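Heavy atoms only: backbone and side chains are in, while hydrogens, waters and symmetry mates are out. Here the structure is a predicted model, which means the values were calculated and not measured.
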Amino acid sequence: MTDTAAELVARSNRLGADPRNTNYAGGNTSAKGTETDPVTQQPVDLLWVKGSGGDLGTLTSAGLAVLRIDRLNLLVDVYPGVDREDEMIAAFDYCLHGKGGAAPSIDTAMHGLVDAPHVDHLHPDSGIALATAADGEKLTAECFGDRVVWVPWRRPGFQLGLDIAAVKRENPQAIGCILGGHGITAWGNTSEECEANSLEIIRTAERFLADRGVAEPFGAIVPSHQPLPAQDRRERAAALAPVIRGLASTDKPQVGHFTDSDAVLEFLSREKLQRLAQLGTSCPDHFLRTKVRPLVLDLPPSASVDEAVARLKELHTQYREDYEAYYQAFAEADSPAMRGADPAIVLVPGVGMFSFGKDKQTARVAGEFYVNAINVMRGAEAVSTYAPIDEREKFRIEYWALEEAKLQRMPRPKPLATRVAFVTGGGSGIGKAIAQRLAAEGACVVVADLDQAAAEAVAKEIGSTDVAVAVGADVSSADAVEAALGEAVLAFGGVDLIVNNAGLSISKSLLETTDRDWDLQHDVMAKGSFLVSRAAAKVLIDQGMGGDIVYISSKNSVFAGPNNVAYGSAKADQAHQVRLLAADLGEYGVRVNGVNPDGVVRGSGIFAGGWGAKRAAVYGVPEEELGAYYAQRTLLKREVLPENVAAAVFALTGGDLTHTTGLHIPVDAGVAAAFLR
C-alpha cells in the first residue's frame, strides 16, 4: 500500500469510527498523489477513492478504487449530460490504474473533478439537518458565513461532481459545501487539513443547531403515547414482533431488529410524529435502507395486544396500497420491477422501532439509519421546518438502474438465509454442532442452554450478535422457556426453526431407577420438548410464515436396551410428540420431524457427564473404546459424530424436503433392531 493510500485509509477509519461524522457505509473519501507508471516508468497522477460499498470505519486498501486523473478529466469532454448520467459509471472502468482495486462508486466524479488533493463526502446528522431544512441555504450562510457553500439538491453522479468542482473554483475561501437534501463535502491540501475541515463543518453545525434550536423540536409530549416501563416494553415488543415480522415478510422473508433507544421513544411520544414520519427520510443512504417512510401504529400502548395486532394488519394493507401507488406514479417504461411493498421500519408508540432486512445486519443498520433520520428531523425542526427531497427524486434513486445492478450482483443467498433457528442444549455436543451447521448455512442462531456461559461461548465462536446470540434456558420451566423465546424474538424478530435437543441421561436398571431419576429425564426431554414446542408454535402461528420443529430423539425411542428405562421412555415420548405435533401444526405450514441418533460419544455432553462410563460398564468395554464398540455393532461399521446429526437436521430444514412432516431419520450407522416399521 502506498503512503498516500495508507494515509487515506487511516483518515477514513478515524472519521468512520464516530457516528456523529457519518452513518454506517455512508460517504466516501479520497486522496490524490503521484506514482511511477510501471509500464512507462513515468510519473502518473492517481486518485485513490473509497469504492462502491464498504464502510469508512472498517475501510482497508482493498476497498479503494485507483484511477488515473488525466483520464478522469478527459471524461468532462465526453459527458453526454444528465439525461445519460448513468453511462458515466461504466466510463470510470476505462480510467482505472492497473487492476484498479475496488469498483468505482457513483461519487467518483465528486472526488476526481474537484481541484483539491483530498476530499471527504460524509453524511453527518447535523449536516443533513441543515441540508433538509426548508431554508437550508439561508441557514448555511448564517452558520458558516462564506466558509461553506450551499449546493442545491442534485442526484449523486457526474453532474454533481461538476457542480462541486465549480463551487470549489468559484469560492477559493471555502472549505466545503452543504449538499441540499443529502450531506456535506469538504476538501483540503493535506489529509490532516481535509479531516479538520470535515470536522469543523460537522461540529459547527452541531453547535448551531444546539444554540439556535427550540427546546422541543418534535412538539409537545402526547401523554397517551409515553413509553411503557422497560420490562413492559420488552414484553409488549416480544408479543408484537412475530406478527410484525410476518407482515413485513409478505413479499419475501425478512429478519428483524428491535430498538427502544431514548431517541426512538422520544420521537414516538411527540405530537409531530405522524407528520414527520409521513414526510419520510431524505439522504439517499437513509431511504434506500428504510424505504420512503415507515409504518406507524396509531394506537397508544394502553391498547390491548389484540387491538394492536388488528390495527397493524389494517395499516399494513394500506401501506402496501400506498407503496404500489407511489411506484405506479413515478415508474417509467425502463424502471426495474417493484421490489416489494412491505415496510422496512415499523414504529410502535410507547414500545419502540422494528426494522427489517435480508439478514440481521441489514435489519439492524436499517434501524440505525432511521435513528439518523430522526436526528436529522430533530435538527431541521429545531431551527426551521424539515423539508426532504420530493418523492419523485426518492423514486429515481430507489429504482435507479445502477442500484438495481448492484442488487443483481449480490451473491446468491445461502439455503437458510432469513431463517432464525432456536437450538436447545446448544452449549455442547450435538446441539453445538447443530448450531454451527445452521449458522454456516445462513441461519441466525439462538443458542439456548441451561449453562448460559457454555451457550455464550458457542455463540461467540459462531460469530457476532448479527449471527448468533445466547440465552439461558431451563427447558423444564414454562416461564424460563417463554423468556428464552422472548429473547430470541427480540434478537431476530421471530423464530423459524426450532431444534429440541436439550437432554441428559442416567443409566440404571428398573429397580435402581428412582422417582427423581424418572422425573428429571422426563422433565428435560419429554416435558421440555413440549414446553419449547408450545411456546415456539405460538410464535410460528403469529408469524404466518410456516416453519420447522425438529426433535433430536434417539435410537432408544424404538429400541429396548438394558438399564435404560427412564431415558428410553422419555425419548419414546419425544418421538411420538413429533407425530402428534405434525398433525396439529400442519395447517399452519409448520413441519415437525425427528432425528434418531445413536452412539454419539465424541463431543457428546451426555457421554462426558457419566453416561458413557455407565454404558461402557453395561457392555463390558473400556470407556475410551465405547465409540468404536458402538460402531462395530452397526451395519456400516462407522462411528456417529455430532456433525452427522447436524447434517440430518439441515437435510430436514434446508429446503429440499418441503413436503415432509412426521418423519424420523435414523443417524445410527445402521442398527437393524431400531429400523422404523
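Side-chain contact between Leu288 and Ile397 is present, with at least one heavy-atom pair separated by less than 4.5 Å. Annotation: side chain of Trp153 is not in contact with side chain of Leu179 (no heavy-atom distance under 4.5 Å). Trp150 has its side chain out of reach of Leu139: every pair of non-hydrogen atoms, C-beta onward, lies at least 4.5 Å apart.
The distance from atom OG of Ser261 to atom CE of Met353, rounded to the nearest 0.5 Å, is 6.0 Å. Within the model, atoms CG of Leu8 and OG of Ser30 stand 7.0 Å from one another, a figure rounded to the nearest 0.5 Å. Interatomic distance, Thr362 OG1 to Asp466 CG, rounded to the nearest 0.5 Å: 8.5 Å. Interatomic distance, CG of Leu15 versus CG of Leu56, reported as 7.0 Å (0.5 Å rounding). Separating the NZ atom in Lys32 from the CG atom in Leu67 is a distance of 11.0 Å, to the nearest 0.5 Å. We find the SG-CG distance between Cys95 and Leu46 to be 11.5 Å, quoted to the nearest 0.5 Å.
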Let me see the working for Thr36 and Val44 under side chain to side chain contact (heavy atoms under 4.5 Å, CB included), right down to the final yes or no.
CA-CA 6 Å; Thr36 300; Val44 58; over 6 Å; no
Set out, in order, the CA-CA distance, both residues' side-chain angles and the distance that settles side-chain hydrogen bond (donor to acceptor under 3.5 Å, both in side chains) for Tyr24 and Gln361, then state yes or no.
CA-CA 11 Å; Tyr24 174 81; Gln361 183 192 52; 3.3 Å; yes
Walk me through whether Asn13 and Thr58 qualify under side chain to side chain contact (heavy atoms under 4.5 Å, CB included).
CA-CA 6 Å; Asn13 293 163; Thr58 56; 5.8 Å; no
Give the C-alpha distance, both sets of side-chain angles, the deciding distance and a yes or no for side-chain hydrogen bond (donor to acceptor under 3.5 Å, both in side chains) between Thr653 and Asp548.
CA-CA 7 Å; Thr653 60; Asp548 284 283; 5.6 Å; no
Set out, in order, the CA-CA distance, both residues' side-chain angles and the distance that settles side chain to side chain contact (heavy atoms under 4.5 Å, CB included) for Trp400 and Arg155, then state yes or no.
CA-CA 10 Å; Trp400 202 353; Arg155 188 176 67 160; 3.1 Å; yes
Is there a side chain to side chain contact (heavy atoms under 4.5 Å, CB included) between Thr185 and Val119? Walk through the geometry before answering.
CA-CA 7 Å; Thr185 297; Val119 177; 3.8 Å; yes
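Screening residues 56-83 for salt bridge (Lys or Arg N to Asp or Glu O under 4.0 Å) gives Asp37-Arg68, Arg68-Asp70 as the qualifying pairs, with residues at least two apart or on separate chains. Residue pairs meeting the ring-ring contact (aromatic ring centres under 6.0 Å, His included) criterion with at least one partner in residues 53-97, sequence neighbours excluded, are Tyr79-Phe158. The ring-ring contact (aromatic ring centres under 6.0 Å, His included) contacts involving residues 170-207 comprise His121-His182, His123-His182, where partners must be two or more places apart or lie in separate chains.
Looking at residues two or more places apart in sequence or on another chain, you find a salt bridge (Lys or Arg N to Asp or Glu O under 4.0 Å) between Asp496 and Arg245. Applying the salt bridge (Lys or Arg N to Asp or Glu O under 4.0 Å) test to Arg11 and every residue at least two apart in sequence or in another chain returns Asp120. With sequence neighbours excluded, the residues that form a side-chain contact (heavy atoms from CB on, under 4.5 Å) with Gln173 are Asp146, Asn171. Residues meeting the salt bridge (Lys or Arg N to Asp or Glu O under 4.0 Å) test with Glu441, sequence neighbours left out: Arg437. Checked against side-chain contact (heavy atoms from CB on, under 4.5 Å), Pro413 has the following partners two or more places apart in sequence or in another chain: Ala417. Here Val467 pairs with Ala439, Ile462, Ser464 under the side-chain contact (heavy atoms from CB on, under 4.5 Å) rule; sequence neighbours left out. In this structure Glu324 satisfies the salt bridge (Lys or Arg N to Asp or Glu O under 4.0 Å) test with no other residue, sequence neighbours excluded. Here Phe356 pairs with nothing under the ring pair (Phe, Tyr, Trp, His ring centres under 6.0 Å) rule; sequence neighbours left out. Every residue two or more places apart in sequence or in another chain that forms a side-chain contact (heavy atoms from CB on, under 4.5 Å) with Pro253 is listed here: Thr418, Met545.
Using a 3.5 Å distance cut-off with no hydrogens or angles, the side chains of His257 and Lys360 do pair a donor with an acceptor. When only modelled atom types and interatomic distance are considered, Asn28 and His111 share a side-chain donor-acceptor pair under 3.5 Å. Between Thr29 and Ser12, the side chains place a donor N or O and an acceptor N or O closer than 3.5 Å (distance only, hydrogens not considered). Looking at Glu398 and Tyr326, their side chains do bring a donor and an acceptor atom within 3.5 Å of each other. No side-chain donor-acceptor contact under 3.5 Å links Gln436 and Glu643.
The minimum heavy-atom distance linking Gly16 with Thr22 is given by the pair CA-CG2, 4.3 Å. What you find for Asp107 and Pro156 is that their closest heavy atoms are OD1-CB, 3.7 Å. Residue Val264 comes nearest to Val371 through the heavy atom pair CG2-CG2, 3.8 Å, listed as atom of the first residue, atom of the second, then distance. Counting all heavy atoms, side chain and backbone alike, Ala91 lies closest to Leu75 at CB-CD2, 3.9 Å. Contact record, Ala205 with Gly127: CB-N, 4.4 Å, taken as the closest heavy-atom pair. Minimum heavy-atom separation, Leu438 to Ala421: CD1-CB, 3.7 Å.
A donor-acceptor pair is defined here as one N or O able to donate and one able to accept, closer than 3.5 Å; no such pair exists between the side chain of Glu35 and the backbone of Asp45. With hydrogens and angles disregarded, a donor-acceptor distance shorter than 3.5 Å links the side chain of Glu381 to the backbone of Tyr386. A side-chain donor-acceptor contact under 3.5 Å links Ser126 to the backbone of Ile202.
Aromatic pair Phe395/Tyr327: ring centres closer than 6.0 Å. A distance of 6.0 Å or more separates the ring centres of Phe208 and Phe144.
Using a 4.0 Å cut-off between a side-chain N of Lys or Arg and a carboxylate O of Asp or Glu, Asp163 and Arg154 qualify as a salt bridge. Checked for salt-bridge contact, Arg320 and Asp251 meet the test: a charged N lies under 4.0 Å from a carboxylate O. Between Glu195 and Arg14, at least one side-chain N (NZ, or NE/NH1/NH2) sits under 4.0 Å from a carboxylate O, which counts as a salt bridge. Between Asp55 and Lys50 there is no salt bridge, since no side-chain nitrogen of the basic residue lies less than 4.0 Å from a carboxylate oxygen of the acidic one.
Each of Asp125, Thr290, Asn23 was checked for a side chain to side chain donor-acceptor pair (under 3.5 Å) with Asn372, and the lone residue meeting it is Asp125.
Cation-pi contact between Arg392 and Phe330: absent, since separation from the ring centre below 6.0 Å together with deviation from the ring axis within 45° is not met.
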